[in-house]
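Working notes, structure below.
These numbers were taken from a predicted model, which means no experiment stands behind them. So that the names make sense, note that chain A is the first sequence line, chain B the second, and so on, each numbered from 1.
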Amino acid sequence: MPELPEVETIKLGLQKYLVGHRIESTIVLNPKSFEGSVKKIVNTKIIKIHRFGKGLIIDFDNKKSLAIHIKMTGQLIFRDEKTKKIVVDKSKVGELPGKHTRVIFHLDKKAILYFNDIRKFGWIRVINSNEVDSLPFFKNLGPEPFKDLTEEKFVLIVSASKIAIKPLIMDQKKIAGVGNIYANDALFLAKINPKRKANSLSLNECRLLYKSILEVMEKSLRFGGSSENTYVNVLGTTGEYQRHTLVYGKKGEKCINCSEEIIRIVIGGRSTFFCPKCQQ
DNA sequence: GACAATGTTACAGT
DNA sequence: CACTGTAACATTGT
């Protein structure tokens, strides 16, 4: 799932459904997916949810927290008596628990939180609430859209780098939250070739790209994120952004501006889609 | 069988 | 040391 809009959608869901619940037990089915002592969070109450970039933090009332990264295929699914009636997308979720369920949190009032993760890249770890900033992933996060990434900061970051603009905006240490889908679409919206060296962008191009990043992410948030692959929200239902992508995943299809064919190349090992005519 | 998939990081090389 | 590019992690689907 995993870019800022998807993780933010999960955060909103956890805030709505999970906060206030007490953990009764935690079952770790895949040791690699969970680090730390389960005992530290049993019988504690969930009080707050945070998101930093693509990472999540769940705070408990005993100064402990869970730090979570769902990477490519993680899912956090909440079930209780009420939400049980909501029909999950079977093709993306399957049985609960199922073959890819890695951790199960049993909560009070018969509620359950499942952590599913096909590829097992994701992780959950128990930490002290005050040590979030010392975790490798969270410590290194750059400023993020909608928070502390101002246009001025963005211009400085872009003009200071010689690497291609696309991998730059996907570098979480430089800018937090942008991944492959939105990097592709933002560059298309700004009419910038993804191979361009970052420091070759003009001030106007930088500003336009900044606005484009915000625009595509804002649009995705409205659609509840992108369910191109395995992403679902905490109720197990899909987002809809994948039906509205500008260029991502559209190799061979016509450009929505000029009807030229969208092409796919690889930059930094990642699929890159763009219109060779609009994004010279 | 080969290749690609929303991400991050360890490692090698400059 | 800083920066850059590539491979690896594990599994599934085409």
Side-chain angles (χ1 to χ4, degrees), chain A residues 1-11 29-33 35 51-56 67-76 89 91-94 98-102 115-125 135-142 144 157-186 194-195 197-199 213 216-217 219-221 223-233 238-252 264-273:
Chain A
M1 38 158 298
E3 297 182 47
L4 189 153
E6 289 77 28
V7 183
E8 176 67 13
T9 303
I10 290 178
K11 182 202 137 181
L29 300 165
N30 178 52
K32 244 206 77 204
S33 304
E35 188 183 302
R51 179 190 57 77
F52 299 104
K54 302 171 192 172
L56 287 164
I68 303 175
H69 200 302
I70 59 183
K71 294 287 183 83
M72 309 266 264
T73 58
Q75 301 175 327
L76 286 167
D89 186 319
S91 68
K92 302 204 185 279
V93 180
K99 190 179 171 188
H100 301 118
T101 301
R102 310 304 181 193
F115 175 57
N116 291 348
D117 187 13
I118 294 177
R119 290 169 76 175
K120 300 191 223 175
F121 289 171
W123 45 259
I124 297 178
R125 62 189 62 155
L135 293 178
F137 173 78
F138 291 90
K139 178 174 63 183
N140 295 317
L141 282 179
E144 66 171 274
I157 291 164
V158 171
S159 51
S161 174
K162 291 180 284 197
I163 68 170
I165 186 64
K166 178 166 176 268
L168 175 72
I169 60 176
M170 291 172 66
D171 182 345
Q172 304 302 297
K173 297 182 184 67
K174 300 283 166 52
I175 295 164
V178 180
N180 204 21
I181 296 175
Y182 306 111
N184 276 292
D185 276 8
K195 285 180 297 196
K197 298 267 181 252
N199 63 5
I213 289 170
V216 294
M217 291 221 186
K219 178 175 153 194
S220 181
L221 278 165
F223 284 120
S226 177
S227 294
E228 189 76 25
N229 295 322
T230 58
Y231 166 72
V232 290
N233 60 31
T238 59
E240 296 299 333
Y241 182 86
Q242 71 282 4
R243 297 206 273 185
H244 306 273
T245 58
L246 304 174
V247 287
Y248 180 80
K250 294 174 83 168
K251 178 188 173 186
R264 173 188 178 274
I265 62 171
V266 173
I267 300 177
R270 310 304 300 273
S271 273
T272 301
F273 303 89

Once you round to the nearest 0.5 Å, how far does CD1 of A:I118 lie from NE2 of A:H100? 5.0 Å
Would you give a per-nucleotide map of nucleotides 4-14 of chain C, 5' to 3', where B means the base has a protein non-hydrogen atom under 4.0 Å away, S means only the sugar-phosphate does, and - means neither? SS---BBBS--
Just need the stems in DNA chain C: three or more back-to-back Watson-Crick or G-U pairs, each with both distances under 3.5 angstrom, sorted by first number. B:2-5 with C:11-14, B:7-14 with C:2-9
I'd like to know if the side chain of A:T73 and the backbone of A:K71 have a donor-acceptor N/O pair within less than 3.5 Å. no
What is the distance, rounded to the nearest whole Å, between atom CG of A:N140 and atom P of C:dA2? 13 Å
Counting the atoms with a prime plus P, OP1 and OP2 as sugar-phosphate, which does A:Y182 contact under 4.0 Å by heavy atoms, base, sugar-phosphate, or nothing? nothing
Is any side-chain heavy atom of A:R51 closer than 4.5 Å to one of A:E144? yes
A:I175 CD1 - B:dG7 C1' separation (whole Å): 16 Å
Without decimals, in angstroms, what is the distance between A:I169 CD1 and B:dG7 P? 12 Å
Roughly how many Å apart are C:dA10 and B:dA10, using the P atom of each and rounding to a whole number? 15 Å
Taking CG from A:L168 and P from B:dT8, how many angstroms apart are they, rounded to a whole number? 14 Å
Within-4.5 Å side-chain heavy-atom neighbours: A:I70 and A:I10: yes
Enter the distance from A:Y182:OH to A:K219:NZ here, rounded to the nearest 0.5 Å. 9.5 Å
Could you tell me how far apart A:L4 (CG) and B:dT8 (P) are, to the nearest whole angstrom? 11 Å
Just jot down the side chain to side chain donor-acceptor pair (under 3.5 Å) partners of A:D185, sequence neighbours excluded, or say none. A:Y241
Using modelled atom types only, decide if a donor and an acceptor are shared between the side chain of A:K11 and the backbone of A:E6 within a distance under 3.5 Å. no
Check this for me: does any side-chain nitrogen of one of A:D89 and A:K92 sit under 4.0 Å from a carboxylate oxygen of the other? no
Is there a donor-acceptor contact under 3.5 Å linking the side chains of A:T101 and A:N116? yes
What's the CZ-P distance between A:F138 and B:dT9, to the nearest Å? 10 Å
Whole-Å distance, A:D171 CG to B:dT9 C1', equals 11 Å
Whole-Å distance between B:dT8 P and A:K173 NZ? 9 Å
